[in-house]
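Note: hydrogens, waters and symmetry copies are ignored here, and every other heavy atom, side chains too, is used. Residue numbers start from 1 in every chain, and the chains themselves are labelled A, B, ... in the order their sequence lines are given, proteins ahead of strands.
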Protein chains: 2
Amino acid sequence: MSAPARRSTKQRSAVSAVLDEADAFMSAQDLHARLRERGENVGLATVYRALQVLAEDGDVDVLRTDDGGEAVYRRCSTGHHHHLVCRRCGATVEVEGPQVEAWARRIGAEHGFTAVQHVVEVFGVCAACSARD
Amino acid sequence: MSAPARRSTKQRSAVSAVLDEADAFMSAQDLHARLRERGENVGLATVYRALQVLAEDGDVDVLRTDDGGEAVYRRCSTGHHHHLVCRRCGATVEVEGPQVEAWARRIGAEHGFTAVQHVVEVFGVCAACSARD
DNA sequence: ATTCTTGCAAACCCTTTGCAAGCTA
DNA sequence: TAGCTTGCAAAGGGTTTGCAAGAAT
């Protein structure tokens with residue numbers, strides 16, 4: 001019942017490589033398309049499985065698009081952080097919010113809650129997209 | 001090409017009513033199930049369409065679950081607030097966070113974002129459930 | 001009477017899974 | 001060799017859509 005060993009394969013490296021180059025959120029389908037463009041032949045199911053493993057190991061951040069509910073993945077930096085996402089073009093900025101962390105902890109404590117965690121996402125229209133109007 | 005007129009129907013009222021009573025995020029499927037329990041016979045597709053309209057008109061907030069990518073809806077409260085949810089028993093407390101509002105606005109501004117909105121949910125284990133261990 | 005709405009079922013999209021063949025350790 | 005991985009295709013789960021019948025204005 002222990003976790004199965006993790007083998008290194010051409011496909012997993014490929015997925016990892018694409019994720020490294022594109023420093024942005026990208027869906028499994030996007031990733032798969034990009035692999036095909038490069039001539040790398042990797043099955044879609046394999047891409048999903050690779051991403052699943054990466055997410056389990058905490059090597060990528062996962063979040064859900066508001067439209068279509070696609071899951072998007074991105075290599076994640078270490079440390080707890082939140083995201084500022086452009087709802088027009090999807091551009092993402094990692095932001096930190098010490099005040100938010102403190103607030104969440106305090107709110108939890110005030111109400112007698114333990115093991116407090118929080119989810120924060122900030123949405124807006126980025127400068128580039130605003131200018132485009 | 002102007003938007004079609006919006007008619008008031010029994011089904012839409014029913015959806016709206018459920019949304020009013022349950023002051024929490026709820027998926028279309030949940031909502032549909034609750035309607036059936038009450039004896040209200042509303043088609044699933046209709047529930048989806050009603051929620052779509054409500055979201056378009058800005059009458060409900062929409063966000064995506066991390067698992068399964070379900071969309072969850074909640075009546076937009078007039079007063080903006082967040083929730084502290086017990087992940088054990090589901091108890092929910094409405095909380096306010098002026099500091100969080102301020103932080104979100106500032107973060108957005110710093111990065112040149114406009115029309116900034118945010119989603120914040122705090123999870124934990126409530127006092128009662130903690131005691132139960 | 002007109003035109004929006006509803007319901008049902010089929011269609012869609014993203015994602016997961018079963019299974020035989022391929023590859024890594 | 002043993003057993004994780006891959007690919008394909010089929011299955012799954014949520015959401016959307018086409019179309020004829022039903023309501024609201």
Calculate the interatomic distance between [X] atom [atom1] and [N] atom [atom2]; express it in whole Å.
X	N	atom1	atom2	result
B:Asn41	C:dG7	CG	P	8 Å
A:Glu40	D:dT5	CD	P	19 Å
B:Arg12	C:dG7	CZ	C1'	14 Å
B:Arg36	C:dT6	CZ	P	15 Å
A:Glu56	D:dT5	CD	C1'	15 Å
A:Leu51	D:dT6	CG	P	12 Å
B:Gln11	C:dC4	CD	C1'	12 Å

Validation row: [X], [Y] side chains within 4.5 angstrom (heavy atoms):
X	Y	value
A:Leu19	A:Leu51	yes
B:Arg49	B:Arg12	no
A:Tyr48	A:Gln29	yes

(request) Assess whether atom CD of B:Glu96 is packed by more than 12 heavy atoms of other residues, nucleotides or ligands within 6.0 Å. (result)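 Counting other residues, nucleotides and ligands, CD of B:Glu96 stays at 12 neighbours or fewer.
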
(request) Report the residues that fulfil ring-ring contact (aromatic ring centres under 6.0 Å, His included) with B:His32, sequence neighbours left out, ordered by chain and then residue number. (result)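 If we apply the ring-ring contact (aromatic ring centres under 6.0 Å, His included) test to B:His32, skipping adjacent residues, there are no hits.
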
(message) Classify A:Asp30 by what it touches in the nucleic acid, base, sugar-phosphate, or nothing, heavy-atom distance under 4.0 Å.
(response)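 It contacts nothing in the nucleic acid.
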
(message) Classify the ring geometry of B:His82 against B:His118: parallel below 30°, tilted from 30° to 60°, perpendicular beyond 60°.
(response)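 The rings of B:His82 and B:His118 sit tilted, inter-plane angle from 30° to 60°.
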
(request) Give the B/S/- string for nucleotides 15-25 of chain C, one per nucleotide from 5' to 3', where a protein heavy atom under 4.0 Å of the base yields B, of only the sugar-phosphate yields S, and otherwise -. (result) BBBB-----BS

